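Step one of this worksheet: look at the structure below.
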There are 2 protein chains.
Amino acid sequence: MQDKAIQAAKHLVGNSRSQIVNADLIAVVIAVTNGEPRSLTIEQAHALPSGPLELGHRSLQSGLRAWVERQTGHPLGYIEQLYTFADRDRTGDEHVQISISYLGLTREEQAERSATHGWRSWYDYFPWEDHRAGVPPVLPDILMPRLLAWAGDAQDPNMSHDRRQRVAYAFGLDDHDWNEELVLQRYELLYEAALVEEAVRGRDNGSPRSIPGRPMIADHRRILATAIARLRTKIKYRPVVFELMPPAFTLLQLQRTVEALAGRLVHKQNFRRLIEQQDLVEETGETMSATGGRPAKRFRFRQAILAERAVAGTKLPLSRT
Amino acid sequence: MQDKAIQAAKHLVGNSRSQIVNADLIAVVIAVTNGEPRSLTIEQAHALPSGPLELGHRSLQSGLRAWVERQTGHPLGYIEQLYTFADRDRTGDEHVQISISYLGLTREEQAERSATHGWRSWYDYFPWEDHRAGVPPVLPDILMPRLLAWAGDAQDPNMSHDRRQRVAYAFGLDDHDWNEELVLQRYELLYEAALVEEAVRGRDNGSPRSIPGRPMIADHRRILATAIARLRTKIKYRPVVFELMPPAFTLLQLQRTVEALAGRLVHKQNFRRLIEQQDLVEETGETMSATGGRPAKRFRFRQAILAERAVAGTKLPLSRT
DNA sequence: GGAGTTATACTCATAGCGAGCATAAGGAAA
DNA sequence: TTTCCTTATGCTCGCTATGAGTATAACTCC
């Protein structure tokens with residue numbers, strides 16, 4: 001049917017002119033070990049695993065898996081596309097550089113040391129994002145004063161007010177609460193305010209001020225921020241946390257993992273209630289003699305849930321404790 | 001700092017080998033007019049506006065805008081990236097074809113007729129998705145029997161059970177409710193079951209059965225499904241509906257728009273409550289003499305909300321009426 | 001055996017939301 | 001003009017989800 005129309009439209013899709021485009025695949029691979037959320041890095045923790053899309057790759061995902069395994073020896077489980085960026089190629093010739101970024105979740109098992117790659121806490125890159133032990137000092141001591149100064153420095157009062165509003169919203173000032181999902185917004189504000197190294201890099205920055213948070217090459221830290229934001233959002237409505245857990249675990253371990261990701265604490269009893277009433281887990285029968293205190297039952301994720309509901313609603317109880 | 005490490009990592013990002021990659025930009029442009037959600041199409045409604053990424057484009061977004069305006073004369077407002085796909089190029093030569101798809105929202109104003117492009121109700125492509133007037137007959141009459149037959153036809157009982165589960169979840173059988181967000185899952189199931197034309201296209205399909213839903217070239221219908229799913233999810237927590245509304249509107253018009261998108265009806269009083277208590281709108285002062293019945297107040301979207309909260313929480317009251 | 005620590009079970013109060021009833025204010029038909 | 005139909009708008013009711021706190025239980029370590 002309508003073959004003519006389809007035929008006529010073909011040229012729009014598979015166009016004949018071949019372009020000069022480079023495509024990179026970039027992976028943010030996350031694991032949580034000992035209550036620390038970590039990201040897989042290469043090049044002395046300055047870059048995310050990545051590599052060009054090649055003809056041998058059957059798909060974007062398989063290409064990504066190949067690169068990560070080649071560079072780090074780590075196989076990937078759950079994978080999800082994050083975002084695609086484009087830049088005029090930095091090499092100067094007329095190329096367009098496309099970066100397709102992915103979020104991957106695994107467990108950090110074979111902790112083999114390597115000079116080139118390794119796991120790094122994501123709070124090394126974003127120290128202002130960890131609110132598990134209260135507001136991190138870097139916020140009130142360094143970032144907030146500078147952000148507010150930056151807002152005040154704006155050309156006209158309107159822009160100043162606008163900046164101030166955005167800062168308040170992103171960082172939970174005034175009547176706003178701290179919203180752990182706004183990782184990217186915060187990073188971008190800090191970038192605008194030249195409070196991250198990437199923003200002043202290469203620029204003639206008069207007095208090099210101490211800037212918190214470890215930088216990365218190119219826009220890798222921005223991609224990491226995107227991944228964290230996505231993950232913090234996603235754990236609230238999809239049972240992805242389990243990708244990060246060992247086969248059996250206690251509810252406290254599960255809670256610590258969630259807290260590590262969210263960067264905030266949750267109410268213990270309510271957390272249990274939520275997890276249990278959603279039938280996400282089942283008891284293994286064993287118990288675990290904890291570090292101290294009453295032994296905890298061990299649970300495993302109910303694989304059945306994937307088949308049954310395919311997508312359940314995992315919810316995170318929030319708390320300001 | 002760490003300039004050496006950064007330098008060393010450079011080659012991983014801007015790699016020197018240039019690849020043979022084509023990148024297309026594909027747009028799903030949505031408007032809602034007279035209670036019908038419509039998508040901008042070209043080539044006799046068989047394709048989405050699209051075109052190759054070119055060197056002249058400053059960014060992916062601007063490239064996309066350029067293509068849509070060139071092909072349809074329609075300027076775009078809100079834009080959001082959807083997904084990036086890759087296929088081995090169909091032309092056979094060793095190229096990788098990348099498609100970067102976007103969702104755009106506008107209003108269908110200049111309804112200029114054109115032979116090549118136009119607006120088409122998205123329910124022409126997905127007749128099973130419109131539940132505003134109850135369950136569409138195509139579901140019980142045609143699709144469900146065939147889907148269940150397909151599930152039953154599986155090789156082994158396990159696969160059969162699995163298929164049957166997925167169908168039940170996606171289409172709201174058994175104790176599942178109809179979930180309007182699962183547009184893509186439903187399309188993919190129908191594709192797997194060879195119940196959409198794209199799945200049997202080119203294949204030697206013995207008896208050409210009548211298959212519901214208008215097809216599109218390549219995987220454009222799949223992209224449209226992705227867009228609809230995204231939009232149906234998004235209207236529930238972001239005030240994006242307003243991109244589709246005229247400057248002033250009644251609450252019923254707003255409700256009809258939401259219903260058109262969601263493909264289901266909402267409880268009128270609760271809808272008003274939700275909209276009003278969120279301070280998303282303000283009265284213009286005028287009233288509108290409706291088609292029949294008491295005149296309604298007209299409202300406008302509170303732009304302030306964007307600055308104030310940047311991201312508010314718009315919520316859709318669900319209903320099975 | 002007592003202190004400290006974690007596990008686990010309940011209770012309570014409230015906000016949000018699905019539903020429905022009731023009234024107001026127009027136009028069209030009788 | 002009266003009645004009826006239709007949409008607009010206000011308000012109440014009841015349930016559920018969830019934030020928060022209290023009370024035990026079951027171990028380990030002194």
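Both backbone and side-chain heavy atoms feed into the values below; hydrogens, waters and symmetry mates do not. A note on names: the letters A, B, ... follow the listed sequences, proteins ahead of strands, and every chain is numbered from 1. Predicted model only: the values in this text are computed from it and were never measured.
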Using 30° and 60° as the class boundaries, would you call the ring planes of A/W178 and A/H131 parallel, tilted or perpendicular? parallel
Given [options], the nucleotide with the shortest approach to the side chain of [X]:
| X | options | value |
| --- | --- | --- |
| A/R272 | D/dT9, C/dA9, C/dT6 | C/dA9 |
| B/K268 | C/dG20, C/dT6, D/dT7 | D/dT7 |
| A/Q269 | D/dT9, D/dT18, D/dA23 | D/dA23 |

Reading nucleotides 24-30 of chain D from the 5' end, what letters show protein touch, with B for base, S for backbone sugar-phosphate only, - for no heavy atom under 4.0 Å? -BBB---
Would you call B/E129 and B/R232 a salt bridge, using N to O less than 4.0 angstrom? yes
Interatomic distance, [X] [atom1] vs [N] [atom2] [rounded to whole Å]:
| X | N | atom1 | atom2 | result |
| --- | --- | --- | --- | --- |
| A/I275 | C/dA7 | CD1 | P | 14 Å |
| A/Q277 | D/dG19 | CD | P | 11 Å |
| A/N270 | C/dC12 | CG | P | 16 Å |
| B/R298 | D/dT9 | CZ | P | 13 Å |
| B/Y237 | C/dC17 | OH | C1' | 21 Å |
| A/E276 | D/dA17 | CD | C1' | 16 Å |
| A/L265 | D/dA20 | CG | P | 12 Å |
| A/R256 | C/dT6 | CZ | P | 8 Å |

Under a plain distance cut-off of 3.5 Å, with no hydrogens placed, do B/Q185 and B/Y187 share a side-chain donor-acceptor pair? no
My understanding is that only one of A/E286, A/E283, A/E282 makes a side-chain contact (heavy atoms from CB on, under 4.5 Å) with A/F299; could you say which? A/E283
Pairwise side-chain contact, A/L105 with A/L103, heavy-atom cut-off 4.5 Å (strictly under): yes
Side-chain heavy atoms of A/Y123 within contact of A/W128, under 4.5 Å: no
Once you apply a heavy-atom cut-off of 4.0 Å, does B/L251 come out as touching a base, just sugar-phosphate, or nothing? nothing
Under 3.5 Å donor-acceptor pair, B/R273 side-chain atoms to C/dG16 base atoms: no
When every non-hydrogen atom of B/G35 is compared with those of B/R132, the smallest separation belongs to O-NH1, 2.7 Å
